[in-house]
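As structure tokens, the structure follows; a few thoughts come after it.
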Amino acid sequence: MLDINLLRTDLENVAARLASRKFILDVEAFSALENERKQLQTSTQDLQAKRNASSKLIGQAKAKGEDVSAIMADVANLGDELKAAETALASLQDKINDMLFAMPNLPHESVPVGKDETENEEVLRWGTPRVFDFEIKDHVDLGGPLGLDFETGSKLSGARFTALKGGIARLHRALAQFMLDTHTSEHGYTEAYTPYLVNAASLMGTGQLPKFEEDLFKVNRPGAEPLYLIPTAEVSVTNFVRDTIVKAEELPLKFTAHTPCFRSEAGAYGHDVRGMIRQHQFDKVELVQIVHPDESLSTLEILTGHAEAILQKLELPYRKVNLCTGDMGFGAQKTYDLEVWLPAQNTYREISSCSSMGAFQARRMQARFKNEQGKNELVHTLNGSGLAVGRTLVAVLENYQNADGSITVPKALHAYMGGLTVLK
RNA sequence: GGAGAGGUGGCAGAGUGGUUGAAUGUACCUGACUCGAAAUCAGGCGUACUCGCGAGAGUAUCGGGGGUUCGAAUCCCCCUCUCUCCUCCA
């Protein structure tokens, strides 16, 4: 959520910056609502002050045993007028809030302006795609004989669900363990385990609600508030600090968590239907940092580096992309995507997305720290995939395939595979 | 799943319809006393918002939301969390 004061004082500029990410801010509607709000709030507060004063008088008079009917008559008509004013003000404020909650974050100045992914800026390439001297297969054909079982997945749950068995399941687990261990022991993150079902307030906090409810799996409960399956551990972990005030010296907070992620992929009909690139359920090792506002952009570089380290240790070629304004996610101020080389697709595919959210989430969550002046100030939040486990599995299968269809286990994973060095 | 008790300022803890934004203690800040400190005394001390150039004034806020009332921390309803007991369970 943007700072409403910024909208009040610098509306045109905000609108221009939001336009660069394809969000049209209705400037006229917003100022009209704001003007109306200002007036109505003042008049409502005047009425409230009047009511409070009269009620106080009634109390005083009654205490002395005096007759209060005159004062009572005086405020008799106030009630309806006040109620009407309060209702109108509340609905006005709801409208303003609805606008605010629907507004994406402002892109940072270092973000290239562009309309879509074609205008993203490649920052670097790491590694050299392997040259194969045989006809390569994609992960579906490679994985099938090794335990990658789409049929069972869809029998149990439908399209976009996958079952893993045997060596593939082991490899999947090994990847997650390896990532988690690397981030905790080499990058200084605290391991976290979180609920996979969260309430609406948490999803409001990180920005998935109210705007993207159709992307989520919702669990309705009679007589209780609904819960949602997390679309990413960013939600559960970042919300650790919702409604809290942390000490300045405790920053930065660094958490990593391995969780399943659930996405309805409502808008993705027809995309990536083959294989396990796009699933309703996938595992991810997430990185989250809660930092001092001065540190967010430098931390983004560091955090992205932590995700890159995993790809480098696995010796998977990748490139780093600075997303342009038109391609960034809703809450992001700046985002680097890491794209891994997939030989069967002959292209780089997203395997990690690392973002600085600035104060966007912190404002929604009321996540603050005590600054040097002793005042409460919003923290900044960052998150990144370190990495998406399913897609990493795909990348390992395709990049480490052999002519006979077997898969060489990357060296970094040997310690996690119980002596297995080749899957066949 | 069943029954009960609770949620009040940074912390502890009063308050069950009326000059209550909320006693008291404690923590913290300022001043006095002191060579200095401790102790003591005096004063201050939440957050958000609105109006105002400003001094300042006002509104909201006692887990969250709604209701009753001229007036709600206090009464009613829904949700939520914590604790205790029973039941069940990995």
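Chain identifiers are assigned alphabetically (A, B, ...) following the order of the sequence lines, protein sequences preceding nucleic acid strands; residue numbering begins at 1 within each chain.
Here A:Lys83 lies in heavy-atom contact (under 4.0 Å) with sugar-phosphate atoms only. Across all strands, A:Arg368 comes closer than 4.0 Å to no nucleic acid atom at all (heavy-atom distances). The residue A:Ala224 sits close only to the backbone: its heavy atoms come under 4.0 Å of sugar-phosphate atoms, none of a base. Within the nucleic acid shown, A:Gly79 has no heavy atom closer than 4.0 Å to any nucleic acid atom.
Counting to the nearest Å, the P atom of B:U47 and the CD1 atom of A:Ile245 are 9 Å from each other. In this structure, A:Leu378 places its CG atom 14 Å from P of B:U47, rounding to the nearest Å. The distance from atom CG of A:Asp243 to atom C1' of B:A48 is 14 Å, rounded to the nearest whole Å. Between the CD atom of A:Gln45 and the C1' atom of B:G52 there is a distance of 14 Å, rounded to whole Å. B:G1 atom P lies 10 Å from atom CZ of A:Arg221, rounded to whole Å. Atom CE in A:Met365 sits roughly 19 Å away from atom P in B:G64 (whole-Å rounding). If you measure from atom CG of A:Leu82 to atom C1' of B:C70, you get 11 Å, rounded to the nearest angstrom. As a whole-Å value, the separation of A:Leu89 CG from B:C49 P is 15 Å.
Here the nucleotide nearest the side chain of A:Glu225, chosen from B:U47, B:C49, B:U80, is B:U80. Of the candidates B:G18, B:U50, B:U47, the closest approach to any side-chain atom of A:Lys38 belongs to B:U50. Ranking B:U19, B:C51, B:C49 by closeness to the A:Thr42 side chain, first place goes to B:C51.
For B:C11 and B:C62, the P atoms lie 16 Å apart once the distance is rounded to whole Å. Nucleotides B:C76 and B:A60 place their C1' atoms 23 Å apart, quoted to the nearest Å. Of the P atoms belonging to B:U19 and B:U74, the separation is 14 Å, rounded to the nearest Å. Rounded to a whole angstrom, the distance from the P atom of B:A73 to that of B:U80 is 24 Å. Here, B:A27 and B:C33 have their C1' atoms 23 Å apart, quoted to the whole Å. One P atom belongs to B:A42, the other to B:G17, and the distance between them is 33 Å to the nearest Å. B:U47 and B:G9 are spaced 10 Å apart, taking the C1' atom of each and rounding to whole Å. Across the P atoms, B:A72 and B:G64 are found 16 Å apart, a figure rounded to whole Å.
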Handout entry: Watson-Crick and G-U pairing of RNA chain B, under 3.5 Å, as dot-bracket with | and [ ]
Key = ((((((((.[[[..)..(.....]]].(((((.......))))).((((((....)))))).[[[[[..)....]]]]])))))))....
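Remark on RNA chain B: of its neighbouring residues A:Gln93 and A:Met72, the 5'-side contact belongs to A:Gln93, judged by nearest-heavy-atom nucleotide. Nearer the 5' end of RNA chain B, as judged by each residue's closest nucleotide, is the contact made by A:Gln60, out of A:Gln60 and A:Val75.
Residue A:Pro252 is tested with A:Ile290, A:Val291, A:Thr299, A:Leu382 for a side chain to side chain contact (heavy atoms under 4.5 Å, CB included); the sole match is A:Val291. For the side chain to side chain donor-acceptor pair (under 3.5 Å) criterion with A:Glu398, the lone passing option out of A:His139, A:Lys137, A:Gln345 is A:His139.
Listed by residue number, the members of residues 47-55 of chain A with any heavy atom below 4.0 angstrom from RNA chain B are A:Gln48, A:Ala49, A:Arg51, A:Asn52, A:Ser55.
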Practice task
Tell me, with the steps shown, if A:Lys284 and A:Glu286 meet salt bridge (charged side-chain N to carboxylate O under 4.0 Å, His left out).
Solution key: CA-CA 6 Å; A:Lys284 182 157 59 68; A:Glu286 185 74 357; 2.6 Å; yes
Practice task
Report the C-alpha distance between A:Phe255 and A:Tyr189 in whole Å, list the side-chain angles of each, state the deciding distance to 0.1 Å, and finish with yes or no for ring pair (Phe, Tyr, Trp, His ring centres under 6.0 Å).
Solution key: CA-CA 5 Å; A:Phe255 289 109; A:Tyr189 288 79; 9.0 Å; no
Practice task
Might you work through the salt bridge (charged side-chain N to carboxylate O under 4.0 Å, His left out) test for A:Glu151 and A:Lys155, ending with a clear yes or no?
Solution key: CA-CA 6 Å; A:Glu151 254 175 60; A:Lys155 177 173 75 180; over 6 Å; no
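Shown here are the ring-ring contact (aromatic ring centres under 6.0 Å, His included) partners of A:His292, two or more places apart in sequence or in another chain: A:Phe369.
Between A:Leu397 and A:Val394 the shortest side-chain heavy-atom distance does not fall below 4.5 Å.
Remark: A:Lys56 is not in phosphate contact with B:G17, judged by side-chain N or O atoms under 4.0 Å from OP1 or OP2. Residue A:Arg8 has no polar side-chain atom (N or O) positioned under 4.0 Å from OP1 or OP2 of B:C49.
Side-chain contact, A:Asn13 with A:Asp10: a donor N or O sits under 3.5 Å from an acceptor N or O.
Checked for salt-bridge contact, A:Arg349 and A:Asp272 meet the test: a charged N lies under 4.0 Å from a carboxylate O. Taking 4.0 Å as the cut-off between side-chain N and carboxylate O, A:Glu339 and A:Lys320 do not count as a salt-bridged pair. Looking at A:Glu34 and A:Lys38, no side-chain N of the basic residue comes within less than 4.0 Å of a carboxylate O on the acidic one, giving no salt bridge.
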